[in-house]
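Reviewing the structure listed below.
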Amino acid sequence: MMLIPTHHFRDIERKPEYLQPEKCAPPPYPGPAGTMWFIRDGCGIACAIVTWFLVLYAEFVVLFVMLIPSRDYVYSIINGILFNLLAFLALASHCRAMLTDPGAVPKGNATKEFIESLQLKPGQVVYKCPKCCSIKPDRAHHCSVCKRCIRKMDHHCPWVNNCVGENNQKYFVLFTMYIALISLHALIMVGFHFLHCFEEDWTKCSYFSPPTTVILLILLCFEGLLFLIFTSVMFGTQVHSICTDETSIERLKRKQQPRERRGSWKAVKETFGGNFSPNWFNPFSGPYHPALRDEGWVRQVASSDNMETTTEEQSEEQSEERKDEDSVEVSNGHSF
């Protein structure tokens, strides 16, 4: 619904029943508060299973093709411990990213009572998502897969079967970082193992036959190279988004919706959970985000005079950007 002109707000004010949650589509599956967060999406579940399978395949090749058959026990122990530690941290980060609520806005809070409790002042506006019947705080966006509005949503990632948002971005960053590291580590070990097998007898450098060994190593090399490139790009993109305090969705709308950004260091600390420490790299340590206060649900809009001077082209752009949002503004100090 268009934000301008002002009479559009008043149309909604005359129809408070429009804000009742029963008008919205019901959630795909009910769940009491405190239950584990899990998205029942077939594609996402399949991608998550494939992710675990590929990591376990790399684990199998590294251990049973390269390390255990090696006669250099120091080399095997050091690389075995390092690879398994990185693999454990990668899978733990994947689980935390997948099973953590990314910052979902409570369903059904777009009620007249809740909006009145915010005590809106003239010029303030709240946005409602008609798809999940939620009042959308600033920087929240609706995910069609999760069926929820997600605070500070960056994107929906099928590989973790979840949105990447305010509460789980740290785990997603760690997941991409650890996958990139084990991919690089596996590629280095494959290179050394090929050299070792060329110098030695192929029948002595592995418990498997030479053709099987070559096929397993080539598949691991292809997997490692592919995931190294993919996760490195994702890691760099996420770090850039955190440092610039701008999600992927906000980057696409940068020209239409300019906003004030926080400092880079402050955004990094909020994402990773405080000042720099080893806990930044710990997938079992959560980020710190203060509870959303009443003013966090409210956004400021331009005055009526400025609205009237907005060009038709700008009006169409704003209408297109917010075509899935409805809004309620206080006019003359009164809502509804």
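Note on F198 and V61: same hydrophobic cluster, where clusters join Ile, Leu, Val, Met, Phe, Trp and Tyr whose side-chain heavy atoms are under 4.5 Å apart, directly or indirectly. Both F60 and L86 are part of a single hydrophobic cluster, where members link through side-chain heavy atoms under 4.5 Å apart. The same ILVMFWY cluster, assembled from side-chain heavy atoms under 4.5 Å apart, contains both V239 and F276. By the criterion of side-chain heavy atoms lying less than 4.5 angstrom apart, applied directly or through intervening Ile, Leu, Val, Met, Phe, Trp or Tyr residues, Y73 is not grouped with F83; the two fall into different hydrophobic clusters. Linking ILVMFWY side-chain heavy atoms closer than 4.5 Å, directly or via other members, places Y75 and I78 in two distinct hydrophobic clusters.
Going from atom CG of L89 over to atom OG of S93 covers 6.5 Å, rounded to the nearest 0.5 Å. The CG atom of N161 sits 11.5 Å away from atom CZ of R40, with the distance rounded to the nearest 0.5 Å. The structure places CG of D72 at 5.0 Å from OG of S70, a figure rounded to the nearest 0.5 Å. Atom CD1 of I45 sits about 7.0 Å away from atom CG of D41, to the nearest 0.5 Å. One distance of note links CG of D245 with NZ of K266; it measures 9.0 Å at 0.5 Å rounding. Atom SG of C149 is separated from atom NE2 of H141 by 9.5 Å, given to the nearest 0.5 angstrom.
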With a cut-off of 3.5 Å and sequence neighbours excluded, list every side-chain donor-acceptor pair involving residues 176-194.
{"residue": "T176", "atom": "OG1", "partner": "F172", "partner atom": "O", "Å": "3.3"}
{"residue": "T176", "atom": "OG1", "partner": "V173", "partner atom": "O", "Å": "2.8"}
{"residue": "Y178", "atom": "OH", "partner": "F281", "partner atom": "O", "Å": "2.6"}
{"residue": "S183", "atom": "OG", "partner": "I179", "partner atom": "O", "Å": "2.7"}
{"residue": "H185", "atom": "NE2", "partner": "N79", "partner atom": "OD1", "Å": "2.8"}
{"residue": "H193", "atom": "NE2", "partner": "V65", "partner atom": "O", "Å": "3.4"}
{"residue": "H193", "atom": "NE2", "partner": "C205", "partner atom": "O", "Å": "3.2"}

For residues 95-103, run the donor-acceptor check on the side chains, cut-off 3.5 Å, and write out each pair with its distance to 0.1 Å, sequence neighbours left out.
{"residue": "R96", "atom": "NH1", "partner": "P283", "partner atom": "O", "Å": "2.9"}
{"residue": "R96", "atom": "NH2", "partner": "Y171", "partner atom": "OH", "Å": "2.8"}
{"residue": "T100", "atom": "OG1", "partner": "R96", "partner atom": "O", "Å": "2.4"}
{"residue": "D101", "atom": "OD1", "partner": "G103", "partner atom": "N", "Å": "2.9"}
{"residue": "D101", "atom": "OD1", "partner": "A104", "partner atom": "N", "Å": "2.8"}

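The side-chain heavy atoms of I115 and V126, taken from C-beta on, include a pair separated by under 4.5 Å. A 4.5 Å side-chain heavy-atom check between R148 and V105 finds every atom pair outside the cut-off. Two residues are said to be in side-chain contact when any heavy atoms from C-beta on lie closer than 4.5 Å; L226 and F230 fail this criterion. Put simply, the side chain of Y127 does not reach to within 4.5 Å of the side chain of I135, judged on heavy atoms. Looking at L91 and F175, their side chains never come closer than 4.5 Å, going by heavy atoms from C-beta outward.
Nearest heavy atoms, A140 versus K136: O-CE, 3.5 Å. V268 and C243 get closest at one heavy-atom pair: CG2-SG, 4.0 Å. Nearest heavy-atom pair, V164 versus C157, reported as atom, atom and distance to 0.1 Å: CG2-CB, 4.3 Å. Of all heavy-atom pairs between C146 and N162, the closest is SG-OD1, 4.1 Å. Scanning both residues, E223 and V55, for their nearest heavy atoms gives OE2-N, 4.2 Å. Counting all heavy atoms, side chain and backbone alike, H142 lies closest to K147 at CE1-C, 3.8 Å.
Inspection of the N168 and W37 side chains reveals no N or O donor paired with an N or O acceptor under 3.5 Å. With hydrogens and angles left out, the side-chain atoms of W159 and H94 include no donor and acceptor closer than 3.5 Å.
Shown are E250, K152, R251, H155; of these, the side chain to side chain donor-acceptor pair (under 3.5 Å) with S241 is made only by R251.
Every residue was checked against the side-chain hydrogen bond (donor to acceptor under 3.5 Å, both in side chains) condition with T51, not counting sequence neighbours, and none meets it. Q169 meets the side-chain hydrogen bond (donor to acceptor under 3.5 Å, both in side chains) test with Q238; sequence neighbours excluded. In this structure E59 satisfies the side-chain hydrogen bond (donor to acceptor under 3.5 Å, both in side chains) test together with N84, sequence neighbours excluded. In this structure S76 satisfies the side-chain hydrogen bond (donor to acceptor under 3.5 Å, both in side chains) test with no other residue, sequence neighbours excluded.
Side-chain atoms of S134 come within 3.5 Å of backbone N or O of P106 as a donor-acceptor pair. Under the 3.5 Å distance criterion, the side-chain polar atoms of S232 are matched with a main-chain donor or acceptor of L228.
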Could you please spell out the steps behind the side chain to side chain contact (heavy atoms under 4.5 Å, CB included) verdict for M153 and I249? CA-CA 7 Å; M153 175 182 169; I249 295 177; 4.1 Å; yes
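Counting heavy atoms of neighbouring residues, nucleotides and ligands inside a 6.0 Å radius, atom CZ of F284 exceeds 12 of them.
Look at E166 and R151 and you find a salt bridge, because one of the NZ, NE, NH1 or NH2 atoms lies within 4.0 Å of a carboxylate O, short of that distance.
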